[in-house]
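Here is how names work: the chains are called A, B, and so on, in the same order as the sequence lines, proteins then strands, and each is numbered from 1.
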Protein chains: 2
Amino acid sequence: MWCNAAMGRAQTGTGARPPRATIIDVAREAGVSPATVSRVLTGSKPVSAEPEQRVRAAVARLGYRPNPAAQGLLRGTTSAVGVVVPDLSNPYFAEVLKGVTNAAQHADFRTLVADTGEKAGAERDAALELSRWADGIVLCSPRMSQWELTELASAVPRLVCVNRRSRGSRIPAVAVDFEAGVASICRHLRELGHRRVAYLRGPSRAWSERARQRALRTAGGPDLEIVQIPCGSSSVDGHRAADVALASGATAVMAFSDYVALGALARFDELGVAVPEEISLTGFDDIALSRLVSPRLTTVTVDKQDLGRRAWQLFIDSGADGRTGSTVEVMPELVVRGSTAAPTAAGSIEREIVHER
Amino acid sequence: MWCNAAMGRAQTGTGARPPRATIIDVAREAGVSPATVSRVLTGSKPVSAEPEQRVRAAVARLGYRPNPAAQGLLRGTTSAVGVVVPDLSNPYFAEVLKGVTNAAQHADFRTLVADTGEKAGAERDAALELSRWADGIVLCSPRMSQWELTELASAVPRLVCVNRRSRGSRIPAVAVDFEAGVASICRHLRELGHRRVAYLRGPSRAWSERARQRALRTAGGPDLEIVQIPCGSSSVDGHRAADVALASGATAVMAFSDYVALGALARFDELGVAVPEEISLTGFDDIALSRLVSPRLTTVTVDKQDLGRRAWQLFIDSGADGRTGSTVEVMPELVVRGSTAAPTAAGSIEREIVHER
DNA sequence: CTGTTAGCGCGTTCAT
DNA sequence: ATGAACGCGCTAACAG
């Protein structure tokens, strides 16, 4: 079907690209009015068989496809969704984006993407700019202030957040239950016998980090001391922070995320510190590569593509009326793998030796 | 500046989102004609100071932003670029996308993204569909046939390929010199003393795989036997193929990519096969996580974001006239890390034992 | 320097 | 069932 049109064009020459055919060209070609062409293509009104055939033939011959800008102008809608992420290099966000994109593609929507480079200041502008071209925005793990977010929500047609719930403003959101996730990790560590764990902090501006902190305040206590260590959200951050964690005298390290944990794990390996024999390590998110490292990472599973799909669903739902505030909570699940074990007295002793090299 | 506008709107109520202001609203508000507003905003013609101030004030007050669909309709251009990738979960493509997006953002362009799920059949449709909304397409590692690609290039306004050069059709492309990369890996392995290496093949439809095959034909010979093993492009493919590679009796495994190699590495670890003592392993691309596994992966570096940036540059360059055919070749560089070593006689013996468990 | 007019490509009314 | 005419929001012509 499409072959005819495209091949016909390809034959016209080397670089001569004909201007795109308009609906008028098709109408002329088919010997009907533009309105009839439109009716055939949208199916809005019935059209007799004979003219319909002529129109379809003309469409195929010319390779005609309606101009989305014109359609959008008329409809006042773009059939596009914008996705704003802090960092596409982070597999977590890449997966969420994939989830949104696939769902959107399925619904015949385009996906626009913007990368803010982990800069909180760039989020508002990116979202605002994308919103001009889209019917709404999916904002992933925004680092901006609550005030800014509320403000943004009123400036963007439809805004959905991923991993950020806001009490006051009624912004639809899908978020992992970080408290539950952190709690289950803490429980696991405590049951193994750990009494002092180092926590590698994520970006302080991230809502998910604050949620983790809430959980840590609950979980921490006399039988589980939490040592806070500033870190970040990338694997290099984890790599850097690993030494500090080691020096803290903790028997286990809880990382902000898998991505961070992988960095720490690499550093432990460089230092010759055995995981989990000398120190236990946990992640968060269960990214694909956590199953591929050695030892495999104990973490908490989150279906990141599903997060994207649900965000899309929220985006769609929020379209009909001004309904807002629907919040989806995704429950993560602890997966115990090889990176955690009971603490050994030997751990701290051997570590001294190791540091010598 | 923007605060005024957005705050003013936010105060109007809970869910009541006023329809976006048009240029006419602004004109009325400022007591001028729409043309004057346009002139102020685009700077196309000079405007007196006093009306200009009124216009700017009105714009801020109403939170007006021009409708891109209308502008696009008029200009016949979208200021958007479409990126089609086989799989966003693959860090390689996520990085390329990031490169394109950042460059595009810088030039005030939007990025549309489509994920084809590694299905060659979906590529054409995705590209065609995106091209309706964009000024052109960046096609990453297309798996489609050469014929299809040529055909597509004539149906899309501007097409740039990443990691796919095509002799016949003059499609701008930026591609890694896979032959050189594979050759340097082979040389490295041979110098270490390996005589029989298993190659974990990528998708047979991928151009980069065929390029690797060309290099292997040159590199292979009496002093370096290449055992071909069907595999794929994901880490789970590598995980699966690792057993076959082991059974081949090779002393080294050369994976299609880092992503694949990481899967194989995980499998070796599960089997208790020591890398590089019992078997050497190489990747391709140098993704971030290859530095984080143990042992760190010997591979070939490719700046993936740079690939995206260069693709963007080609996209821009191909805009002016019908200039085509410009092809950029990126030279990868061997990085020897911990996953390769000289083969040991012990390797094959110990491996027998390991298989028992 | 400014306002008025026309038209980008399309879908949808209103007539026929 | 079909065609003619209008207008979506904007800017480039053309007047004044």
| How long is the gap from CD on B:Q313 to CG on B:D306, to the nearest 0.5 Å? | 11.0 Å
| task | Decide yes or no for A:Q305 and B:S89: does some side-chain heavy atom of the first lie under 4.5 Å from some side-chain heavy atom of the second? | result | yes
| said: For B:Q53, give me all partners under side chain to side chain contact (heavy atoms under 4.5 Å, CB included), at least two apart in sequence or on another chain. | reply: none
| remark: Here the gap from A:N163 atom CG to A:L139 atom CG, rounded to the nearest 0.5 Å, amounts to 11.0 Å
| message | Below 4.0 angstrom, which residues in residues 32-45 of chain B have at least one non-hydrogen atom near DNA chain C? | response | B:V32, B:S33, B:A35, B:T36, B:R39
| note | In short, the helix from C:dC1-D:dG16 to C:dT16-D:dA1 is bent end to end, axes from five pairs each side, to 10°, by 50°
| field | All side chain to side chain donor-acceptor pair (under 3.5 Å) counterparts of B:K304, not counting sequence neighbours | value | none
| remark: Outermost contacting nts on DNA chain D, any atom under 4.0 Å from chain A heavy atoms, listed 5' then 3', are D:dA1 to D:dG9
| message | Quick check: do B:I23 and B:S38 have side-chain heavy atoms less than 4.5 Å from each other? | response | yes
| By side chain to side chain donor-acceptor pair (under 3.5 Å) - contacts of A:R205 (at least two apart) | none
Side chains of residues 26-33 of chain B: which donor-acceptor partners sit under 3.5 Å, not counting sequence neighbours?
| residue | atom | partner | partner atom | Å |
| --- | --- | --- | --- | --- |
| B:R28 | NH2 | B:D25 | OD1 | 3.4 |
| B:E29 | OE2 | B:R61 | NH1 | 2.4 |
| B:S33 | OG | B:A35 | N | 3.3 |
| B:S33 | OG | B:T36 | N | 3.4 |
| B:S33 | OG | B:T36 | OG1 | 3.4 |

| Contact list for residues 100-113 of chain B, test side chain to side chain donor-acceptor pair (under 3.5 Å), sequence neighbours left out | A:E129-B:R110
| said: A side-chain contact here means heavy atoms from C-beta on lying under 4.5 Å apart; do A:E123 and A:E148 qualify? | reply: no
| Quick one: are A:S326 and A:S318 in side-chain contact, heavy atoms under 4.5 Å? | no
| query | 5' to 3' on DNA chain C, which nucleotides open and close the contacts with chain A (atom under 4.0 Å from a heavy atom)? | reply | C:dG9 to C:dT13
| Residue pairs fulfilling salt bridge (charged side-chain N to carboxylate O under 4.0 Å, His left out) with at least one residue in residues 36-52 of chain B, sequence neighbours excluded | B:E50-B:R54, B:E52-B:R56
| Looking at CG of A:N90 and CD of A:E95, how far apart are the two atoms once the value is rounded to the nearest 0.5 Å? | 10.5 Å
| remark: ring-ring contact (aromatic ring centres under 6.0 Å, His included) filter on A:W312, not counting sequence neighbours, yields A:F109, A:F315
| query | Which distance, rounded to the nearest 0.5 Å, do you find between the OG1 of A:T327 and the CD1 of A:I171? | reply | 9.5 Å
| note | Comparing B:A49 with A:I23, nearest DNA chain C nucleotide closer to 5' gives the residue B:A49
| query | Which of residues 66-78 of chain A sit near DNA chain D, with a heavy atom under 4.0 Å from it? | reply | A:L73, A:L74
